[in-house]
Protein chains: 2
Amino acid sequence: MQQSNQSPFDVRNRRLMEAKSRPEPSTSPCAACNVRHLTVCDALEGAELQQLAEIVQNVELEPGQPLFDEGERADFVFNVTAGCVKVYKLLPDGRRQVTGFLFAGDFLGLANQDFYAFSAEAVSPATLCRFQRGKLEAAMERFPQLEKRLLGVASHELAVAQEQMLLLGRKTAKERLASFLIKLSESAERRGQSKNPVRLPMTRADIGDYLGLTTETVSRVMTQLKGQGTIALMPNGQVELSDLEKLEDLAGGY
Amino acid sequence: MQQSNQSPFDVRNRRLMEAKSRPEPSTSPCAACNVRHLTVCDALEGAELQQLAEIVQNVELEPGQPLFDEGERADFVFNVTAGCVKVYKLLPDGRRQVTGFLFAGDFLGLANQDFYAFSAEAVSPATLCRFQRGKLEAAMERFPQLEKRLLGVASHELAVAQEQMLLLGRKTAKERLASFLIKLSESAERRGQSKNPVRLPMTRADIGDYLGLTTETVSRVMTQLKGQGTIALMPNGQVELSDLEKLEDLAGGY
DNA sequence: ATCCGGCATTGACATATGTCAACGGGCCCG
DNA sequence: CGGGCCCGTTGACATATGTCAATGCCGGAT
């Protein structure tokens, strides 16, 4: 798949080819993908991956750069391969609710209707795989296990969303922060990153918009947790979960 | 309803057979289902419906009767055919978040893992179709359009959940109530029921647990809306949306 | 028709969280 | 090296909503 200078997609492909971390002949970029085990793509193998590779494009985003906006035609779906992306909805007056932070391996863009029901924007430098919706649907036709996997992803997202509703509707600020830190830490661990200290790539404002709080409250609760020795704030947005058990208590059962 | 004492399932089947509202020969209960057009089952027809009918069971619930509890083995999935069912999660200390009210046509029980991630309980007298998970999965194998439909349902649920997160995280009590009444009214209309006045089969406590508020706040905001002439409370839990435009304004954009 | 019990409403008061504002520190850019 | 800017923190104060408690009402059961 080595070709001349073109889109970021091509660039990335070449980079992956050159790396040659896998010894297989005719390696496709998807076959070489080092986060595949985290993604829906893991439902496929060998020649199937080759076919997938033919319909994928690469996207790179700088922090703050939008991926798409609510209401746009939902022509693409994505897979985050690196970095962090936030997904959010806005009220007309600007109030924002972040409905999720996505990391490597997370799937993005399921939309029932023809339009995205939310906006997406990079939090940190991020790379994603982009699939034209129609082509992915054709691939699902050929590879039913892909569709099955997607249904699994959707079900899981649904369970996560319900937990978040519980948090937003019924938890105190301290419980929300504690839950957030724990889940973020677990998520990092799943991706093979540091579980403790855990890195928070997003701002306090983002966290507030995710937890239904203000920046100030997030900050205050952080210092409270710091004061009681439950966490410690470190350089670079890292947070040490010094007393995980206490944090789990505070999280109120989830 | 003359019948001998059997399971509710048999009772219902016979009733439907006797009704013979469709002239087709060998009518299956699913073919005769009068809410099928609202459900996932609408993905199938004719002989396929016959096969579906062979794996379905009927469930009838009284108000307050649980369907299943969070943490139970998720052996079944359901389709609500009449009445109202609430789905909720609890915190250890009893705080409750209702994550949804389900009505005729709504699908229930998608669970990624082996256990239900939430509890379900009848709000009003309700009837449901019950499918053994394994059998339904086998049916999806045979009828891919069923799986596709289910993915559609899941995507839609996801969008609804995100809207609810926006409500819980960022809307005021008045906005929450207004949004709730509007959505309930629209949902009733889709099912062919009265859109205005709209019937609220659930208690104020249920509404509060759904909107992240207390019973008292729900009640207060209701009387406020009544006071400004936006709604009128009628007997039997009916609510007249007297000034829909104003209500939509109050709902804050959704 | 009457009684009872759950549900809704209302009031007085408490408080968690929001709002507004100031300040400090790190970091990039000139 | 200095200046500005974004982000985080902290403080004083405001307020929406929760809490606790009393009362009222409707609807089903006797």
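Letters A, B, ... mirror the listed sequences (proteins, then strands); counts begin at 1.
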Tell me which nucleotide among D:dC20, C:dT9, C:dA21 gets nearest to the side chain of B:Arg204. C:dT9

Between the CD atom in B:Glu175 and the CZ atom in B:Arg170, the distance rounded to the nearest 0.5 Å is 12.0 Å

Between atom CG in A:Leu213 and atom C1' in D:dG8, what is the gap in whole Å? 16 Å

Without decimals, in angstroms, what is the distance between B:Arg96 CZ and D:dG18 P? 16 Å

May I have the distance from A:Lys174 (atom NZ) to C:dT15 (atom P), rounded to whole angstrom? 16 Å

When the aromatic ring centroids of B:Tyr210 and B:Phe180 are compared, is their separation below 6.0 Å? yes

Using a heavy-atom cut-off of 4.0 Å across all strands, would you classify A:Leu233 as base, sugar-phosphate, or nothing? sugar-phosphate

In whole angstrom, what separates B:Ile207's CD1 from D:dG18's P? 14 Å

So how far is it from B:Lys174 NZ to B:Arg220 CZ, rounded to the nearest 0.5 Å? 14.0 Å

Starting at atom CG of A:Leu200, determine the distance to atom P of D:dC7, rounded to an integer number of angstrom. 15 Å

Tell me yes or no: between the side chains of B:Arg191 and B:Ser187, is some donor less than 3.5 Å from an acceptor? yes

To the nearest 0.5 angstrom, please state how far the CZ atom of A:Arg199 sits from the CE atom of A:Met234. 11.5 Å

Between C:dG11 and B:Arg220, counting only base atoms on the nucleotide and side-chain atoms on the residue, is there a donor-acceptor pair under 3.5 Å? yes

Indicate whether OP1 or OP2 belonging to C:dG18 is found under 4.0 Å from a side-chain N or O atom of A:Thr214. yes

Counting the atoms with a prime plus P, OP1 and OP2 as sugar-phosphate, which does B:Ser219 contact under 4.0 Å by heavy atoms, base, sugar-phosphate, or nothing? base

Taking atom P of D:dC26 as reference, at what distance in whole Å does atom CG of B:Asn236 sit? 12 Å

Report which part of the nucleic acid A:Gly212 touches: base, sugar-phosphate, or nothing (heavy-atom distance under 4.0 Å, all strands). sugar-phosphate

Whole-Å distance between D:dT10 P and A:Gln224 CD? 11 Å

Looking at D:dG8, C:dC7, D:dT19, which one has an atom nearest to any side-chain atom of A:Thr203? D:dG8

To the nearest angstrom, how far is A:Glu175 atom CD from C:dT17 atom P? 9 Å

Just N and O in the side chain of B:Thr172: are any of them under 4.0 Å from OP1 or OP2 of D:dA16? no

So, OP1 or OP2 of C:dA8: does either fall under 4.0 Å of a side-chain N or O from B:Thr215? no

When the nearest nucleotide of DNA chain C is assigned to A:Glu216 and to A:Ala173 on a heavy-atom basis, which residue is associated with the more 5' position? A:Ala173

